[in-house]
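Atom set for the values below is all heavy atoms of this structure, side chains included, hydrogens, waters and symmetry mates excluded. Throughout, a chain's letter reflects where its sequence line sits, starting with A, and its residues are numbered from 1. All of these numbers come straight from a predicted model, not from anything done at the bench.
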2 protein chains.
Amino acid sequence: MKIFEKTGKMALGSRLRLLTATVTENAAQIYELYQVEFSPKWFPVFFVLSEEGEKTITEIANEIGHSQPSVTKIIQEMTVSGLVQENLKSKDKRRTLVGLTQKGTVLSEKIKVQCTDVDAAIEGIITEATHNLWEAIEEWEFLFEQKSLFRRVQEQKKLRESKNVQIVEYTPQYQSAFKSLNEEWISTYFEMEEADYKALDNPKEYILDKGGKIFVALYNNEPVGVCALIKMNDANYDFEMAKMAVSPNAQGKNIGGLLGQAVVDAAKQLGASKLYLESNTILKPAINLYHKLGFQKVAGLATPYKRCNIQMELNLNNQL
Amino acid sequence: MKIFEKTGKMALGSRLRLLTATVTENAAQIYELYQVEFSPKWFPVFFVLSEEGEKTITEIANEIGHSQPSVTKIIQEMTVSGLVQENLKSKDKRRTLVGLTQKGTVLSEKIKVQCTDVDAAIEGIITEATHNLWEAIEEWEFLFEQKSLFRRVQEQKKLRESKNVQIVEYTPQYQSAFKSLNEEWISTYFEMEEADYKALDNPKEYILDKGGKIFVALYNNEPVGVCALIKMNDANYDFEMAKMAVSPNAQGKNIGGLLGQAVVDAAKQLGASKLYLESNTILKPAINLYHKLGFQKVAGLATPYKRCNIQMELNLNNQL
DNA sequence: ATTAATTACATAACTAGTTATGCAAATATA
DNA sequence: TATATTTGCATAACTAGTTATGTAATTAAT
């Protein structure tokens with residue numbers, strides 16, 4: 001199919017489907033060639049029964065990776081053609097043990113011969129070809145199991161989108177965004193407190209003039225995230241990371257990560273040796289992000305915020 | 001799937017189907033991720049229209065390798081969601097030119113972005129993997145086109161079965177087989193002649209005693225084919241290859257080829273330099289076989305057989 | 001100029017799977 | 001011990017394709 005050269009990998013599914021169709025079509029012809037009255041779709045079920053004897057329907061389904069109703073149907077068809085039979089000797093009356101009949105056992109010998117021919121034919125193709133489809137399928141099955149195609153694409157999306165995100169320093173034009181982005185999440189999960197209003201209404205006075213910094217994340221030049229580095233009056237900590245907020249519309253672009261990194265970098269540049277932050281454990285993605293940045297849990301510091309139930313610190317000297 | 005290690009290549013179709021299912025499932029999730037109201041199965045059709053503008057349904061079907069009714073259905077669905085529209089400006093009123101709507105064109109831009117992410121994700125897998133599934137599919141598509149899986153298996157079957165065939169020299173126990181096998185095909189296509197009865201009823205007198213040979217092909221120790229090497233009284237030819245017959249039940253096992261080769265080998269061993277044969281052009285497989293053995297058409301020799309309309313010779317000196 | 005064959009599409013019926021759901025049997029829980 | 005939950009299977013309804021077939025429009029043949 002010439003078209004797949006143009007579509008790119010997006011059409012992997014379609015391409016696989018077409019290949020599957022030709023293989024299945026050929027399989028049907030092959031059974032005919034051996035004068036075996038056998039539907040190709042029976043093969044996995046038949047194989048399991050001939051190799052491992054009696055099994056229940058659910059066991060077979062799990063083993064061959066089909067759904068249970070699919071196996072039920074196949075067993076019904078095979079029963080009609082006299083290849084399998086139900087063996088009701090199980091104590092558990094829900095389960096139906098099925099096994100090959102005499103006729104089925106005889107057929108399995110015939111099919112074994114057919115298998116060797118098919119194997120030889122495909123081995124021939126493998127020798128002829130530079131790429132081993134069989135091995136490739138096995139490997140890709142494994143890779144998809146480890147990390148699904150969906151997650152891989154999701155990561156690519158994040159990566160690409162994070163490249164469109166710009167982190168800039170605060171200027172007064174972002175004052176309303178700084179407040180509204182924070183107000184949004186705070187009032188969703190908790191309620192605005194005195195200390196919030198102080199900082200959000202007067203960022204210059206309460207943050208910048210005291211030697212702190214504020215970073216703004218721009219996506220398509222719109223402010224979609226903010227985060228502040230606030231000077232502390234504490235013997236242990238130089239700065240606090242606070243007021244991080246990312247618009248729900250812009251989630252999944254690693255904006256929090258970029259903002260956090262910007263704050264940490266700024267703290268280092270200002271010569272800080274320890275960073276501090278306060279949060280709440282119900283904000284799992286945030287806690288997760290702080291961990292990624294290297295923050296570790298600490299306890300027992302005084303805080304003006306009701307919503308704070310976890311405190312964390314980042315030792316910048318360790319990090320180099 | 002562990003089972004595929006046991007089934008061998010016979011389950012290639014099943015295995016492909018499972019992989020296709022997981023990829024398609026992931027594809028559906030990916031469209032959701034990009035908040036695109038789009039069914040994965042639309043992709044090939046949509047792609048063709050966005051790349052190449054207006055097309056008829058049949059054109060699209062051919063290009064993407066689907067059946068025409070499949071494309072009809074997809075176009076109907078896409079029309080409902082407002083992505084494509086029929087453009088009735090064609091003179092030929094049977095044809096329906098379809099093209100993207102404004103909405104479709106806008107969407108195609110979104111999907112292009114998605115394509116780059118999917119491409120990047122799959123390129124990532126390709127780098128990670130030792131076997132390149134994408135290339136493997138392309139290569140196997142090509143190899144199957146050149147020679148179908150069915151034909152490859154058929155050849156393997158022939159090869160295996162020809163190993164079960166034994167070529168032995170004639171002994172009197174095979175006299176009835178020698179006659180009946182020949183009588184079968186001669187009376188099917190022509191009618192038995194005087195010369196036939198002479199040779200078939202008295203093989204010892206008319207063939208063996210004059211310095212000729214007869215070979216019998218045994219399949220599971222049953223005689224299923226015969227062929228004779230008959231001494232000639234001719235200045236040009238030492239021997240004639242004649243009375244080749246293979247049972248219809250044993251066709252497709254290359255028995256004719258093995259018998260022919262045995263006769264040629266025997267002729268060489270007897271010091272013959274030229275072999276002769278007579279046949280009829282309606283027996284195409286036979287003529288084909290003679291060609292494979294190296295026989296070439298000659299003309300103008302006298303023959304006692306009515307059914308002879310082609311004569312061939314094999315120069316054994318040329319052959320080494 | 002008719003008639004026959006072909007083409008383009010739609011529709012119906014089938015295939016090989018899937019999910020959703022119902023029911024009886026078995027197991028766990030109060 | 002009675003009740004709730006889980007399990008194993010069957011059945012129904014759906015999905016994404018297929019082949020077979022019908023109909024109108026066009027083209028080819030007589």
Would you say [X] places a side-chain N or O within less than 4.0 Å of OP1 or OP2 belonging to [N]?
X       : N      : value
B:Ser67 : D:dG17 : no
A:Gln76 : D:dC9  : no
B:Arg95 : C:dT7  : no

Notebook entry, point to check: Relative to the 5' end of DNA chain D, which residue comes earlier, A:Leu18 or A:Thr56, by the nucleotide with the nearest heavy atom?
Noted result: A:Thr56
Next item on the list: Assign each of A:Pro69 and A:Asp92 to its nearest nucleotide of DNA chain D by heavy atoms, then name whichever residue's nucleotide is nearer the 5' end.
Entry: A:Asp92
Provide, to the nearest angstrom, the distance between the [atom1] atom belonging to [X] and the [atom2] atom belonging to [N].
X       : N      : atom1 : atom2 : value
A:Arg94 : D:dT7  : CZ    : C1'   : 4 Å
B:Arg17 : D:dA16 : CZ    : P     : 15 Å
A:Glu25 : C:dC14 : CD    : P     : 20 Å
B:Trp42 : D:dA16 : CH2   : P     : 10 Å
B:Ile64 : D:dT18 : CD1   : C1'   : 14 Å
A:Glu59 : D:dG8  : CD    : P     : 9 Å
A:Lys41 : D:dT18 : NZ    : C1'   : 14 Å
B:Leu16 : C:dA16 : CG    : P     : 16 Å

Among [options], find the nucleotide with the atom closest to the side chain of [X].
X       : options               : answer
B:Ile74 : C:dA16, D:dG17, D:dC9 : D:dG17
A:His66 : C:dG17, D:dA10, C:dA8 : C:dG17
A:Thr72 : C:dG17, D:dA10, C:dA8 : D:dA10

Notebook entry, point to check: Is it true that A:Trp42 and A:Phe38 have ring centroids separated by less than 6.0 Å?
Noted result: yes
Check: So what does A:Thr58 touch, heavy atoms closer than 4.0 Å: a base, only the sugar-phosphate, or nothing?
Finding: sugar-phosphate
Next item on the list: May I ask you to check if B:Lys157 and A:Tyr34 form a cation-pi contact, with NZ or CZ under 6.0 angstrom from the six-membered ring centre and within 45° of the axis?
Entry: yes
Tell whether [X] reaches the base of [N] with its side chain through a donor-acceptor pair below 3.5 angstrom.
X       : N      : result
A:Lys93 : D:dT7  : no
B:Gln68 : C:dA10 : yes
B:Lys73 : D:dG17 : yes

Margin query: Is it true that, when you exclude A:Gln146 itself, more than 12 heavy atoms of the residues, nucleotides or ligands shown sit nearer than 6.0 Å to its CD?
Written below: yes
Next item on the list: Kindly assign one of parallel, tilted or perpendicular to the pair A:Trp140 and A:Phe144, based on the angle between their ring planes and the thresholds 30° and 60°.
Entry: perpendicular
Notebook entry, point to check: Under the side chain to side chain donor-acceptor pair (under 3.5 Å) rule, what pairs show up with a residue in residues 17-31 of chain A, not counting sequence neighbours?
Noted result: A:Arg17-B:His66, A:Thr20-B:Thr20
